[in-house]
Amino acid sequence: MAVAAPARPAAADLLGVFTPEVFAAHLASQAALPSWWLERKRSAYSRFESLPMPRRTDESWRFSNIAGINLGGFSPAADAPAPGNRRAPEALAIAPAATLSFLNGRLSASTPLPADLAARGVVASAISGAIARHPGLLREHFMAQPQKLGSAKFAALHEAFIQDGAFILIPRGVEIDGPIVVVHEVSGAGAAVFPHTLVIAEDNARATVVDHFVSADLSRQFACGANDLYAGHGAKIAYAAAQCWSPEALSLQFNSTVVRRNARVQSLNLHLGGRQARHESLSQLQAPGGFSEMLAITIASGSMECDQRTLQIHQAPSTKSDLLYKNALLDRSRTIFSGLIIVDPDAQKTDAYQSNRNLMLSDEAESNSLPGLEIQANDVRCTHGATSSRIDPEQEFYLKSRGIPQKAADELLIFGFFEEVLNRLESEELHAALRKLIRAHLRR
Amino acid sequence: MSSLEIKNLHVSTGDKEIVKGVTLAINTGEIHAVMGPNGAGKSTMAKAIAGHPDYTITQGDVLLDGKSILEMESDERARAGIFLAFQYPSEIPGVSIANFLRAAIQARMSEGEEIDASGFYKRLYQKMDLLKIERTFTSRAVNEGFSGGEKKRTEILQMAMLEPRFALMDETDSGLDIDALRVVADGVNSLRGPSLGILLITHYQRLLGYIVPDFVHVMIDGCIVKSGDKTLALELESRGYDWVKKEFANA
C-alpha cells in the first residue's frame with residue numbers, strides 16, 4: 001500500500017522504489033531473454049537515473065501538477081494479482097481478429113489470429129517471444145524515436161522495467177479487416193506496470209489495433225506505457241486506445257507514430273481514467289503523401305488532471321497531419337493541451353491542422369491550451385486553434401422541452417460534442433464500442 | 001378530456017413584464033389561435049408555460065387537469081403532456097434526430113423499460129412520410145443546416161412522435177413558403193383530434209386558412225383583448241389590429 005507522501009517529497013521519494021536494487025531484481029527475472037535486450041534495459045536504466053526530474057519551469061511541463069508525478073509507494077506489479085476489491089472491467093464490444101491480454105504486464109490470455117493470416121506472416125504475440133524471433137524489427141522500431149515531449153526520463157523507466165507487451169506485425173501487402181485487441185490490465189494497490197504495444201505495418205499493409213487499459217480495482221496504481229506505430233509505404237493503421245485506468249491511477253503514456261510515403265495513420269485516444277493522466281504523442285511525417293490523423297476524447301471528472309502534449313513534425317513535402325482533441329470537463333477537473341506543429345524547411349506543401357476544443361461542464365473546472373507552430377517552409381497550409389465553451393442553455397432547454405431530463409440532456413450534448421471525433425472512425429463497430437464505454441463512464 | 005387553464009398569467013423577463021394577466025382555457029380537441037402584433041407577448045407566454053428558465057411567472061397559474069405545473073421542471077412539464085413547437089428551433093450538432101427522439105421517448109418510459117427499436121423506426125418512418133421528410137434525415141444532426149421549412153417540419157415530426165396533450169405552436173408558419181406551409185398544416189391537421197389541444201400562435205391569418213381554429217384570441221401588450229371564432233381572424237386580416245386596440249382602450 002502507498003506510504004503517505006510528505007508534503008514536499010525529496011527527489012529520492014519521488015523515484016519511489018525504482019532503485020538500482022529493484023532494477024537488478026527485475027533484470028534477474030528477465031535473465032532468460034537475449035543479452036542485447038538486457039543490455040538495452042541496463043542502458044535505459046542508467047538514462048533514467050541520470051535524467052533530471054521534470055521541473056515546474058520546464059516548458060514541456062507548464063501547468064502540470066509536478067508534485068503528482070510522485071512515484072513513492074509504487075513497485076513493479078507482482079505476477080499474481082492481489083485479491084481484494086476486484087471489479088469486472090467493462091469489455092470492449094467488438095469482435096476481434098485476435099486478442100492479447102496482459103495482466104500486470106504478463107501475457108495472461110490470447111485468442112490466436114485466423115490461420116490464413118498467420119500463414120501470411122501476420123504476428124500478434126508477446127514482445128518477450130518476438131525478441132528472439134524478430135530482433136531486427138524490434139531494434140528498428142521499439143522505442144526507437146526521440147522523446148521530445150518532456151518525458152525522456154519516464155520513457156527510459158518504461159524501457160528499463162518493461163515486463164512484456166504486444167508485438168504486432170502486418171507483412172507487406174496484407175490487409176486485416178477485424179481489429180487486433182490488446183488488453184492491458186493492472187491489479188493491486190501500488191502496482192506499477194509498463195504496458196507496450198508495437199505495431200509494424202509494412203508496405204501497403206492495413207490493420208486496426210485497439211489498446212484497452214483497465215484496472216482490476218480502484219486503487220492507486222502507476223502505468224508508464226508506450227506505443228510505437230510504424231506505417232511503411234502505402235500502409236494504413238487505424239489505432240484506438242481506451243484508457244480506463246482506476247480513478248486513483250497515475251498514468252504516463254508515450255506515443256510515437258512514424259508515417260512513410262503515402263501511408264496513413266489514424267489514432268484515437270480515449271481518456272476516461274486516472275487521477276493524473278499524461279499523454280505525449282509524436283507524429284513524424286517522413287515521406288511525401290504521409291498522413292497522420294491524431295484524435296483524442298477526454299472526459300475529465302473529479303479532481304482528475306489530463307495532460308496532453310503533442311508534436312506533429314513534417315519532415316517531407318506534401319505531408320498532412322490533422323489533430324482534433326476534445327475534452328469534456330466536469331467537477332474540479334483540469335486539462336492541459338500543448339501542441340506544436342513543426343514544418344521542416346523542405347517540407348513544402350505541408351497541410352497541417354491542430355484543434356483543441358473544451359466543453360466546460362463545471363465552473364470549477366479548468367482547461368489550459370497552448371497551441372503552437374514552427375514553420376520553416378514557405379508554401380504550407382497550417383491552422384491551429386483552441387476554444388472553450390459551455391453547454392448552450394438554449395440547446396439544453398430544447399432537449400428538456402422534449403421531456404429529456406437534465407442529466408440525459410447533458411449526456412446527449414456531450415455525445416454531440418464528441419461526435420465530430422467519433423465520426424472520423426471508419427469502423428462502425430469501434431465507434432459503437434467506444435460510445436458504450438463513454439456512456440458507461442458517464443453513468444457511473 | 002384534458003384541460004389546460006392559464007389563469008391571470010403574468011410573465012417577466014429581467015425587470016420587464018411582458019405578459020400582463022392572461023386567462024385562457026383550452027380543452028383537448030380544440031384549437032385556439034392567438035393572434036397579435038409583434039411584441040404582444042405571445043411567444044413569451046408559450047415559452048413560460050413550457051418552463052423556459054429566462055422567463056419568470058410573477059403572478060397567476062397554469063393548470064393541467066386542475067393541477068399547477070409551475071413547480072415542475074421543463075422536462076417534467078413535457079412528460080406531463082405539454083409540447084412547445086419552437087419559432088426558432090435550436091441546432092444540436094452531433095445529435096441525430098433518431099437518437100434525440102429515442103432519448104425523448106425513453107424518458108417517458110419506466111425505469112428498466114427499453115424502446116422497441118423496430119417499432120420505433122416503423123412509427124418514425126410513417127410520420128416522416130406523412131410530413132414529406134426524407135428518411136435520410138434520421139441520421140442528420142438535429143436542425144443543423146436545415147432550411148426554415150425543414151426545421152418546422154421536424155418540429156411537427158417531434159410532436160407527432162411524442163403525442164402531447166397540449167401543443168403550443170409558436171409562429172410555426174413564420175419563414176415558410178406556401179408549399180412548406182401546406183405540408184406543415186397537413187401534418188398538424190392529421191394530428192388534430194379529441195386527444196390533442198392546440199394553442200396556435202401566429203401573426204397572420206394565412207395559416208388559419210389551412211388550420212381552421214375553433215377559437216381566435218387577440219393579444220395586445222400582454223393582454224388578451226378580444227376573443228371570438230374563426231371569423232375574428234378574417235376581420236383582423238381585413239381591418240388590422242388598430243380597431244381592436246381602440247375598442248379595448250374605450251372599453
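Below, read A as the first sequence line, B as the second, and so on, with proteins coming before strands; counting in each chain starts at 1. The model shown is predicted, which means the values in this text are computed figures rather than measured ones.
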query: Going through the distances and angles, do A:Tyr398 and B:Tyr88 end up as a side chain to side chain contact (heavy atoms under 4.5 Å, CB included)?
result: CA-CA 10 Å; A:Tyr398 190 70; B:Tyr88 303 110; over 6 Å; no
query: So which part of B:Pro164 gets closer than 4.5 Å to some heavy atom of chain A, the side chain, the backbone, both or neither?
result: neither
query: What residues of residues 135-148 of chain B sit under 4.5 Å from chain A when you count only heavy atoms?
result: B:Val142, B:Asn143
message: Would you say that B:Leu162 contacts A:Arg402 through its side chain, given a criterion of any heavy-atom pair below 4.5 Å between the two side chains?
response: yes
field: Structural part of A:Gln395 lying under 4.5 Å from a heavy atom of chain B
entry: both
query: What residues of residues 96-123 of chain B sit under 4.5 Å from chain A when you count only heavy atoms?
result: B:Asn99, B:Phe100, B:Ala103, B:Ala104, B:Ala107, B:Arg108
- prompt: Given B:Phe86 and A:Ser401, is the side chain to side chain contact (heavy atoms under 4.5 Å, CB included) satisfied, shown in steps?
  reply: CA-CA 10 Å; B:Phe86 285 66; A:Ser401 79; 3.3 Å; yes
- prompt: If you count heavy-atom pairs under 4.5 Å with chain A, which of B:Ser90, B:Pro93, B:Ala50, B:Ala80 comes out on top?
  reply: B:Ser90
- line: In this structure, CD1 of B:Ile92 is separated from CZ of A:Phe415 (nearest 0.5 Å) by 15.5 Å
message: Is A:Leu422 in contact with chain B via its backbone, its side chain, both, or neither, using a 4.5 Å heavy-atom distance?
response: neither
field: Chi angles and distances behind the side chain to side chain contact (heavy atoms under 4.5 Å, CB included) call for B:Asp54, A:Glu394
entry: CA-CA 10 Å; B:Asp54 286 356; A:Glu394 286 300 323; 4.0 Å; yes
task: Report the C-alpha separation of B:Val95 and A:Leu412 in whole Å, then their side-chain angles, then the decisive distance to 0.1 Å, and conclude whether the side chain to side chain contact (heavy atoms under 4.5 Å, CB included) test is met.
output: CA-CA 7 Å; B:Val95 178; A:Leu412 267 181; 3.9 Å; yes
- prompt: Checking heavy atoms, do the side chain of B:Leu84, its backbone, both or neither come under 4.5 Å from chain A?
  reply: both
- prompt: Does a side-chain N-to-carboxylate-O contact under 4.0 Å join B:Glu76 and A:Lys400?
  reply: no
Greatest number of heavy atom pairs closer than 4.5 Å to chain A - which of B:Pro53, B:Ser74, B:Gly51, B:Pro89: B:Ser74
query: Any idea which heavy atoms bring B:Arg79 and A:Pro405 closest together, and the distance?
result: NH1-CG, 3.8 Å
